[in-house]
Protein chains: 2
Amino acid sequence: MSVGIRHDDLRKRNRAMVISAVRRAGQPSRTEIAATTGLSHSTISTISSDLIGEGILAESKGGEPALMKRGRPQVGLALDPDAAAVVAVVLSLNSLSAALIDYAGNTIAEESRRLVTQRMEADTLVDECIGIVRRLIEAGNKGAVLRIAVAIQGVTDSGSRTLLWSPITPHDDIPFADKLEQEFGVPVTVENDCNMIAEALRWRDPSRYRDDFIAILLSHGIGMGLVTKGELFTGTQSSGGEFGHMIHRPDGALCRCGRRGCIEAYAGNYAIWRNARQGDENAEPLADLSDGDIRALADAARDHDGPEREAFRKAGEAIGFGLGSMFALFDPAPLAFVGVGATAFDLMEPHVRAAIAKTAGGLHSKAISFDTEPNEVPLIREGCMMRALLYVDDEVFAPGTPARRAQVGVA
Amino acid sequence: MSVGIRHDDLRKRNRAMVISAVRRAGQPSRTEIAATTGLSHSTISTISSDLIGEGILAESKGGEPALMKRGRPQVGLALDPDAAAVVAVVLSLNSLSAALIDYAGNTIAEESRRLVTQRMEADTLVDECIGIVRRLIEAGNKGAVLRIAVAIQGVTDSGSRTLLWSPITPHDDIPFADKLEQEFGVPVTVENDCNMIAEALRWRDPSRYRDDFIAILLSHGIGMGLVTKGELFTGTQSSGGEFGHMIHRPDGALCRCGRRGCIEAYAGNYAIWRNARQGDENAEPLADLSDGDIRALADAARDHDGPEREAFRKAGEAIGFGLGSMFALFDPAPLAFVGVGATAFDLMEPHVRAAIAKTAGGLHSKAISFDTEPNEVPLIREGCMMRALLYVDDEVFAPGTPARRAQVGVA
DNA sequence: CAGTCTTTTTTCGAGGCTCGAAAAAAAGAG
DNA sequence: CTCTTTTTTTCGAGCCTCGAAAAAAGACTG
């Protein structure tokens, strides 16, 4: 049940507004902030001088070299890089990477390593994460780490605390957040990688990806990050948005998840390969497949008509019908296809469009715009970083808690 | 972009909180309101005496006959029935009904009539609505009508102003809200009937239908009203939630919407009849089918194995796979099946469950609870009424506008 | 190069809002 | 008839935002 607004909430919220305006705009002047937030100049003045006093914002003197405008020159406000630091961890199939990031979003230190995730114990996986974070904090020596955000391929709980299921490991219900919090004494969240891709797109290109858009990861499996009405869409109990496991053909092709007829069982890398090379929808999905394999299939499909081309057709069709079903629920939106599969999207696009056109969402199928981005890794990391920073913005600074907390981690 | 909170918004919001607490609780005392809103007693006292002064609330003296408790007895606050009135209009296939409702939710006057909606011009349809509303306002003579809410079977725009498409009429894009506003000078909304069903369920049984649930209308077509995270789920451009037009089998059975393979083309009344009696998925859907026809099919299916039973099996399967796909996106939730089809739900349920169990959403398929309610009409009306009243609560009274507005309508 | 303009930022008093504490009100209990 | 208990109102304090006016900081002008 929603609750009344207290008097002191007011300041908290408006502080949060100011911080968020600065993060979005980069180096806005106080006047600009007043304009975007709708608050008065005097309020902005008070709040920003508070924030500067607390070491959260800083006047950016060395900014633009004077705009040659008349009048008193604006002085830009920027986030103080030293106000805090966060760690963004990205865990995917056989790969772990992490970065230490300052409050302004600059990467201070990073590390990547290869693991054999599918053969590791759950605890070992967690320990690897703890290790990489610890090394970064030690190396960076950047002061207060206020948040750790982990992005994982798989399904997490809606509280962003536990990895419920993931294709990268045979283990279920791994309590990443609890374990890491216990270790470092800092709030931790675990979120779905595709949701982080959506978050990143929003910051990269706010004009295109604003209130409603869809990011689809075409990779070994199929993932989705979805923003509706300005909010990241998640399930009620899990991270949700498992587009790849919507049903394309009831009782159809065998999916990596053990069920049948999922979209992924037609459009995931392994499914495309299976259709092109094995011709048997029921064959056990391959565990490993390199990006090169997919590019080779795509080249073959472009070169001549044959099973490869047909495999991409089926993939496009599955994605298209899936999108059509989704659009029946909440209307079409701009799409970004991310991951290796995006390099072969030319082979799928006509079939995606044809399928969408056969569905209720297809009313405006020609107007639906597609965009592709072959490399998902930087997007996941960026999104994860932004998520961590936004948590700090909202939860740590806004309530008026004094900024620099007790030094964390590294016992 | 979200905007800062001004100082005067505070009071507005807290007024709205108080009103909403009273509407939910019935006759709460000031102390109870303080508890549910989290505001202090003094604040509640000030706000409620304002509201009483404005004629929005009233102390309910004739309430409970003293609870025999020690201490000063609580005095219940109730919505003043005379504070306002709203009109709820429900338009469905061949039927139009409306009710004049006071601010406390009591029906003052109502009227129903049969129309042949499919053969009427768009303007005539609108005029019928105008007529019924005018007669109610005249008959009720209840003072200020502050809101008119229309519930229609079909797709409306996200601004709740226009009927974009509906199976009850061949005409598209009928601007109901504009036309009615022009006529009566009162804000008007047009919303999807299934969304109103969801709204109604929430008020009828808040313990079961609270933050996350799904209402599915099993009727000539298949509709859905969906509440996620406490909010009615709508599309970004339309009323959305067109569960019936998610794709069950690509290029499958012919749907009333002209496309193929929609869930509705297997589970709508016409589809069940078609499968049971015609055995041809491609036959043109029947326009009319009585509730009796469906009951007869159900009886036959219960009586002996045959095409009727098979038709209900197919319907259940389509619904189950559809739900499974939806649950992949946002996790399972309690379900209410509403409408004639609900009387035959015993025939479908096992197949619904079996299908869900084959999907990603089926992880906990046994825990998903179903409920049935054969008559959708009262639900639609109730939901529509609540919607109208809530609009009045939030938009009209909360901003502090003096309550009783200029008398409306009835020139 | 000194004064004028223009725009940004700060200052200051006014008006509102919520809160906590204390007072008042309204019964039942003894 | 007085004491208890609980609800409701009253009142002053402390914040918060706002608008207007003042201060600040360069660019422009002759």
Side-chain angles (χ1 to χ4, degrees), chain A residues 3-18 21-22 25 27-53 57-61 63-78 398-400, chain B residues 3-18 21-22 25 27-53 57-61 63-78 398-400:
Chain A
V3 138
I5 304 182
R6 307 250 194 59
H7 200 221
D8 29 334
D9 294 341
L10 230 172
R11 190 48 165 277
K12 283 183 201 172
R13 295 207 195 190
N14 286 341
R15 278 170 62 102
M17 291 298 315
V18 170
V22 175
Q27 296 202 344
S29 69
R30 292 167 175 80
T31 311
E32 271 175 69
I33 299 175
T36 60
T37 59
L39 297 168
S40 72
H41 284 193
S42 27
T43 303
I44 299 301
S45 187
T46 321
I47 292 179
S48 49
S49 87
D50 282 2
L51 291 173
I52 290 172
L57 297 186
E59 299 197 334
S60 66
K61 294 172 185 165
E64 328 276 292
L67 274 129
M68 289 307 179
K69 269 194 340 190
R70 295 192 72 159
R72 176 173 176 173
Q74 311 190 148
V75 12
L77 293 177
Chain B
V3 138
I5 303 182
R6 307 248 194 60
H7 201 220
D8 26 332
D9 294 341
L10 230 172
R11 190 48 165 277
K12 283 184 200 170
R13 295 206 194 191
N14 286 341
R15 279 170 62 103
M17 291 298 316
V18 170
V22 175
Q27 296 202 345
S29 69
R30 291 167 174 80
T31 311
E32 270 175 69
I33 299 175
T36 60
T37 59
L39 297 169
S40 72
H41 284 194
S42 27
T43 303
I44 298 302
S45 187
T46 322
I47 292 180
S48 49
S49 86
D50 282 2
L51 290 173
I52 289 172
L57 297 185
E59 298 197 336
S60 67
K61 293 170 185 166
E64 327 277 291
L67 274 129
M68 288 309 181
K69 270 192 340 188
R70 291 192 74 158
R72 177 173 176 174
Q74 310 190 147
V75 12
L77 294 177

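Just the heavy atoms: all of them, side chains too, but no hydrogens, waters or symmetry mates, feed the values below. Order of the sequence lines sets the chain letters (A, B, ...), proteins ahead of strands, with each chain counted from 1.
The CG atom of L39(A) sits 20 Å away from the P atom of dC15(D) (whole-angstrom rounding). Between I44(B) atom CD1 and dG20(C) atom C1' the separation is 15 Å, expressed in whole Å. Rounded to whole angstrom, the span from the CG atom of D8(B) across to the P atom of dT18(C) amounts to 11 Å. Taking atom CE of residue M17(A) and atom P of nucleotide dT17(D), one finds them 12 Å apart after rounding to whole Å. A straight line from CD1 of I5(B) to C1' of dC17(C) spans 13 Å, rounded to a whole angstrom. What separates NE2 of H41(B) from P of dA23(C) is a distance of 18 Å, to the nearest Å. Rounded to a whole Å, the CG atom of L10(A) is 9 Å from the C1' atom of dC17(C). One atom, CD of E59(B), and another, P of dA25(C), lie 15 Å apart when rounded to the nearest Å.
Comparing S42(A) and H7(B) by the nucleotide of DNA chain D whose heavy atom lies nearest to each, the residue mapping closer to the 5' end is H7(B). When each of S29(A) and I47(B) is assigned the nucleotide of DNA chain C bearing its nearest heavy atom, the one mapping closer to the 5' terminus is S29(A). When each of S48(A) and G38(B) is assigned the nucleotide of DNA chain C bearing its nearest heavy atom, the one mapping closer to the 5' terminus is S48(A).
To the nearest 0.5 Å, the span separating CD on Q74(A) from OG1 on T31(A) amounts to 5.5 Å. In this structure, the separation between CG on L39(B) and CD1 on I5(A) is 9.0 Å, given to the nearest 0.5 Å.
If you check distances only, the side chain of R70(B) does reach the base of dT4(D) with a donor-acceptor pair under 3.5 Å.
Neither OP1 nor OP2 of dG19(D) sits under 4.0 Å from any side-chain N or O of S40(A). In this model, the phosphate group of dT8(D) is not approached by any side-chain N or O of S45(B) to a distance below 4.0 Å at OP1 or OP2. OP1 or OP2 of dT7(D) has not a single side-chain nitrogen or oxygen of R30(B) nearer than 4.0 Å. Using a 4.0 Å cut-off, some side-chain N or O of R6(A) falls inside it from OP1 or OP2 of dC19(C). For dA23(D), neither phosphate oxygen OP1 nor OP2 lies less than 4.0 angstrom from any side-chain nitrogen or oxygen of R72(A).
Counting non-hydrogen atoms under 4.0 angstrom, N14(A) reaches the backbone sugars and phosphates but no base. Across all strands shown, T31(A) has heavy atoms under 4.0 Å from sugar-phosphate atoms exclusively, and none from any base.
Under the rule for a ring pair (Phe, Tyr, Trp, His ring centres under 6.0 Å), H41(B) has no partner lying at least two apart in sequence or in another chain. By the side chain to side chain donor-acceptor pair (under 3.5 Å) test, D8(A) is found to be paired with no residue, residues two or more places apart in sequence or in another chain being considered.
With dG26(D), dT8(C), dC19(C) as the candidates, the nucleotide lying closest to the side chain of T43(B) is dC19(C).
The residue from L51(B), I44(B), D50(B) that alone fulfils the side chain to side chain contact (heavy atoms under 4.5 Å, CB included) condition with I47(B) is L51(B).
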